[in-house]
Amino acid sequence: MRIATWNVNSVRARIERLESWLVDRAPDVLLLQETKVADAAFPASRLAGLGYESAHHGHGQWNGVAILSRVGLRDVERGLSDGEARMISATCGPLRCTSCYVPNGRALDDPHYAAKLRWLEELRVRRTARDAAVPEILAGDFNVAPSDLDCYDPAAFVGATHVSAPEREALGALEATGLTDAWRHQHPDAPGFSWWDYRAGAFHLDRGLRIDLLLVEDALVPRVRDVTVDRDARRGPRPSDHAPVWVDVELEG
DNA sequence: ATGTCCCAACTTTTGGGA
């Protein structure tokens, strides 16, 4: 079973790329972030034409998350207490699949930074109330680079968000509920950047961050066969600033 | 390089967000 995550930076701007990517990479489940549309404008029927059921949670201009599945989609859960469209969760086949768009935080002294830490804490608390019989994959744009290996220039990020100790501790506390960072587990030494700024030729220069994570229930880790960052999807005309990341998990049956 | 892309709107240019 292939589970992917992708911050598409507007599903409207990316629909042709999204459709061809689904055909090429054939994920069983795709977790989207930053769809930037209201529910009524989400292209559910176009995606259904490719064989994917979908569930979307969006209010319009900002944020927006979705789940696409060709292995079933039920028991949909939308949003956390902040009221923004940053989380959606559903049971897809044997897995609980959760798409997260963690708040950016803006700057260490900005109120949005404290809100980011609270949001991660609420996500942790939610995990403690989960149905332990259904293993979860919690994936998305976490807006946190877990370690300095996940940042192209740690010295340039001193005092910035995405790398601060409280953010990394909040992510670590979430993982301590029984989740493993699939990329880092499979690739202990490879940066695996998933986001590059549109500006200043950052992608060409490989000035990236690894902030798009697949957090896999610990019990599933022995079944993980491969984890891939699809850098090809960041190339060419009108790309998202994020690459998709997927994990292949071998499940019985 | 304040460098780009995407959105909305009192929409053809500006401002907010990332």
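Every chain is numbered from 1, with letters handed out A, B, ... down the list of sequences.
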Atom-pair distance ([atom1] on [X]; [atom2] on [N]), nearest Å:
| X | N | atom1 | atom2 | result |
| --- | --- | --- | --- | --- |
| A:His204 | B:dT4 | NE2 | C1' | 16 Å |
| A:Leu205 | B:dT4 | CG | P | 14 Å |
| A:Arg17 | B:dC6 | CZ | P | 10 Å |

Distance between [atom1] atoms of [N] and [M] (Å, rounded):
| N | M | atom1 | value |
| --- | --- | --- | --- |
| B:dG3 | B:dT14 | P | 15 Å |
| B:dC7 | B:dT12 | C1' | 16 Å |
| B:dC10 | B:dC5 | P | 26 Å |
| B:dA1 | B:dC6 | P | 26 Å |

Exercise. If you look only at pairs with a residue in residues 134-147 of chain A, which of them pass as a salt bridge (Lys or Arg N to Asp or Glu O under 4.0 Å), with sequence neighbours excluded?
Worked result: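 Every salt bridge (Lys or Arg N to Asp or Glu O under 4.0 Å) pair that includes a residue of residues 134-147 of chain A, provided the two are not neighbours, is A:Arg126-A:Glu136, A:Arg127-A:Glu136.
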
Problem set entry | For A:Arg124, side-chain contact (heavy atoms from CB on, under 4.5 Å) partners two or more places apart |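 Scan of A:Arg124 (side-chain contact (heavy atoms from CB on, under 4.5 Å), adjacent residues dropped) gives A:Glu121, A:Thr128, A:Ala173, A:Leu174, A:Thr177.
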
Only counting residues at least two apart or in another chain, list the ones meeting salt bridge (Lys or Arg N to Asp or Glu O under 4.0 Å) with [X].
| X | result |
| --- | --- |
| A:Asp197 | A:Arg199 |
| A:Arg234 | none |
| A:Asp230 | A:Arg25 |

For this session: Output yes when at least one side-chain N/O atom of A:Arg12 is less than 4.0 Å from OP1 or OP2 of B:dA8, else no.
Result: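 True: A:Arg12 side-chain N/O within range (under 4.0 Å) of B:dA8 OP1/OP2.
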
For this session: Using only side-chain N and O atoms of A:Arg14, determine if any of them is under 4.0 Å from OP1 or OP2 of B:dC5.
Result: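 Answer no for this pair, as no side-chain N or O of A:Arg14 is under 4.0 Å from OP1 or OP2.
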
Exercise. A:Tyr152 vs A:Phe157 aromatic rings, parallel, tilted or perpendicular, using cut-offs 30° and 60°?
Worked result: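 Correct class here is perpendicular.
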
Restricting both atoms to N or O, compile the protein contacts to nucleotides 13-18 of chain B shorter than 3.5 Å, with distance only.
unit_1, atom_1, unit_2, atom_2, d
B:dA18, OP2, A:Arg106, NE, 2.9

